[in-house]
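Notes to accompany the following structure.
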Number of protein chains: 2
Amino acid sequence: MPSKPTPITMDAVYAAPGYLFRRMQQIAVALFVEECRAFDLTPVQYAALVAIHTHPGIDATRLSAVIAFDRSTLGSVIERLETKKLIDRKPSPEDKRVKLLYLTRAGAAILRDIMPSVEKAQVRMLQPLKPADRKVLLALLTQLVDLNNESSRVPLRAEDALEHMGRTG
Amino acid sequence: MPSKPTPITMDAVYAAPGYLFRRMQQIAVALFVEECRAFDLTPVQYAALVAIHTHPGIDATRLSAVIAFDRSTLGSVIERLETKKLIDRKPSPEDKRVKLLYLTRAGAAILRDIMPSVEKAQVRMLQPLKPADRKVLLALLTQLVDLNNESSRVPLRAEDALEHMGRTG
DNA sequence: ATTTGATTGACAGTATACTGACAATATGAC
DNA sequence: GTCATATTGTCAGTATACTGTCAATCAAAT
């Protein structure tokens with residue numbers, strides 16, 4: 001027999017995981033921006049800086065794999081970081097297509113200084129839950145993101161994305 | 001004594017709730033778009049259609065409160081829905097500033113037809129988890145979004161947002 | 001060596017998001 | 001009735017996201 005049609009109600013929207021993830025993401029960004037206002041860095045820019053810090057001399061394509069951000073989007077992010085003089089872009093001697101990314105002194109400094117604020121924002125996101133529940137949510141969310149990795153447009157390719165990079169960096 | 005500085009590693013980024021929420025939101029959108037490709041509707045457009053369906057004659061400001069979307073953003077969303085002839089915008093007889101929103105026949109039809117695909121996408125998002133874990137995650141996420149409501153730029157104001165609407169709609 | 005195919009960074013186009021501002025309009029105080 | 005204030009929709013500006021395309025370049029096959 002045919003299954004009954006889903007009722008069209010706002011409650012169905014409010015209870016949909018997709019809606020909840022969207023809301024939570026917006027809340028997360030709002031808290032991050034609020035805590036880090038003094039540094040004028042967005043969550044994306046912050047993640048890019050961390051990745052360049054831990055992988056000096058990475059190129060844009062590999063950076064996009066390491067933080068799972070869209071390659072096209074990353075272009076403008078990198079441009080903004082360069083304008084703010086937080087990173088340097090140097091042409092690769094081995095591959096004329098590639099531009100290698102490095103933190104400037106200012107970039108390394110802002111990254112060091114922003115950490116406590118970033119921490120505060122991350123704590124605030126889960127603060128309303130009981131400590132035990134925070135752990136459960138975080139564990140399940142980590143699992144879910146990992147298991148859904150291939151469903152995203154830009155799957156995360158953490159360290160293995162760097163296998164083919166030069167050994168000099 | 002001073003607390004030790006947070007180490008700057010990618011693992012810290014990968015484990016940060018804000019990063020996980022961003023990833024999961026991107027995955028959720030990708031799955032929604034994939035399942036609903038035939039209807040050419042985004043998650044945001046879908047939510048707006050549902051809200052207009054359940055609140056015919058709502059105006060843009062109240063719509064933004066009911067689905068917790070930014071008022072500025074909603075302007076272009078409404079415009080796109082109008083271009084697709086899924087909604088009508090009629091001036092309010094009571095308030096010359098206000099434009100009231102209604103589903104067209106095509107809008108009501110697409111909403112009815114898209115429901116199974118939306119359902120499928122929502123199921124797929126949590127599919128990788130064990131059934132019991134899905135419930136736990138959804139419950140905690142619902143709680144967290146609710147408790148963080150005031151931290152978002154556009155807090156959700158569900159039904160009470162409609163208290164001051166005309167009784168005619 | 002030349003051709004084929006893949007990769008890199010860039011760009012154009014669309015769609016959320018948020019900030020801050022604005023004119024038109026409505027509401028309340030007086 | 002008038003003035004101060006608030007609200008509505010709109011717009012400009014910035015920042016992700018994703019799609020698709022492109023020239024330059026590289027790598028691999030022959």
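Throughout, a chain's letter reflects where its sequence line sits, starting with A, and its residues are numbered from 1.
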How close or far is atom [atom2] of [N] from atom [atom1] of [X], stated in whole angstroms?
{"X": "A/Asp70", "N": "C/dT16", "atom1": "CG", "atom2": "P", "result": "16 Å"}
{"X": "A/Arg37", "N": "C/dC18", "atom1": "CZ", "atom2": "P", "result": "13 Å"}
{"X": "A/Leu74", "N": "C/dC11", "atom1": "CG", "atom2": "C1'", "result": "15 Å"}
{"X": "A/Leu63", "N": "C/dG9", "atom1": "CG", "atom2": "P", "result": "10 Å"}
{"X": "A/Asp59", "N": "C/dT8", "atom1": "CG", "atom2": "C1'", "result": "8 Å"}

**OP:** Work out which heavy atom in A/Ala28 is nearest to a heavy atom in B/Gly18; give both atom names and the distance.
**Re:** CB-CA, 4.2 Å

Original post:
Which pair of heavy atoms, one from B/Met115 and one from B/Leu111, lies closest together, and at what distance?
Top reply: CG-O, 3.1 Å

Original post:
Is there a donor-acceptor pair closer than 3.5 Å between any side-chain N or O of B/Thr104 and the backbone N or O of B/Lys85?
Top reply: yes

Pairs under 3.5 Å (N/O, protein and nucleotides 25-28 of chain D):
from: D/dT25; atom 1: O2; to: A/Arg97; atom 2: NH1; distance (Å): 3.2
from: D/dC26; atom 1: OP1; to: A/Lys96; atom 2: N; distance (Å): 2.6

Subject >> Base-contact (B) and sugar-phosphate-only (S) positions in nucleotides 10-15 of chain D, heavy-atom cut-off under 4.0 Å, - elsewhere >> reply: SB---S

**OP:** Identify, with sequence neighbours excluded, every residue that meets salt bridge (charged side-chain N to carboxylate O under 4.0 Å, His left out) alongside B/Asp95.
**Re:**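 If we apply the salt bridge (charged side-chain N to carboxylate O under 4.0 Å, His left out) test to B/Asp95, skipping adjacent residues, the hits are B/Arg97.
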
Original post:
Who else is in A/Val29's hydrophobic cluster (ILVMFWY, side-chain heavy atoms under 4.5 Å, direct or via others)?
Top reply: A/Val33

**OP:** Mind checking ring-ring contact (aromatic ring centres under 6.0 Å, His included) for A/Tyr46 and listing every partner two or more places apart, or none if nothing turns up?
**Re:** A/Phe32

Subject >> Those residues that, when tested against A/Phe21, pass ring-ring contact (aromatic ring centres under 6.0 Å, His included) (two or more places apart) >> reply: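 Residues passing ring-ring contact (aromatic ring centres under 6.0 Å, His included) with A/Phe21: none at all.
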
Subject >> Sugar-phosphate only, base, or nothing, as touched by A/Thr61 at under 4.0 Å among non-hydrogen atoms >> reply: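 Counting heavy atoms under 4.0 Å across all strands, the contact made by A/Thr61 is with sugar-phosphate only.
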
Original post:
When you measure from the side chain of B/Val98, which nucleotide among D/dC18, C/dC18, D/dT8 comes out closest?
Top reply: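 So the nucleotide nearest the side chain must be D/dT8.
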
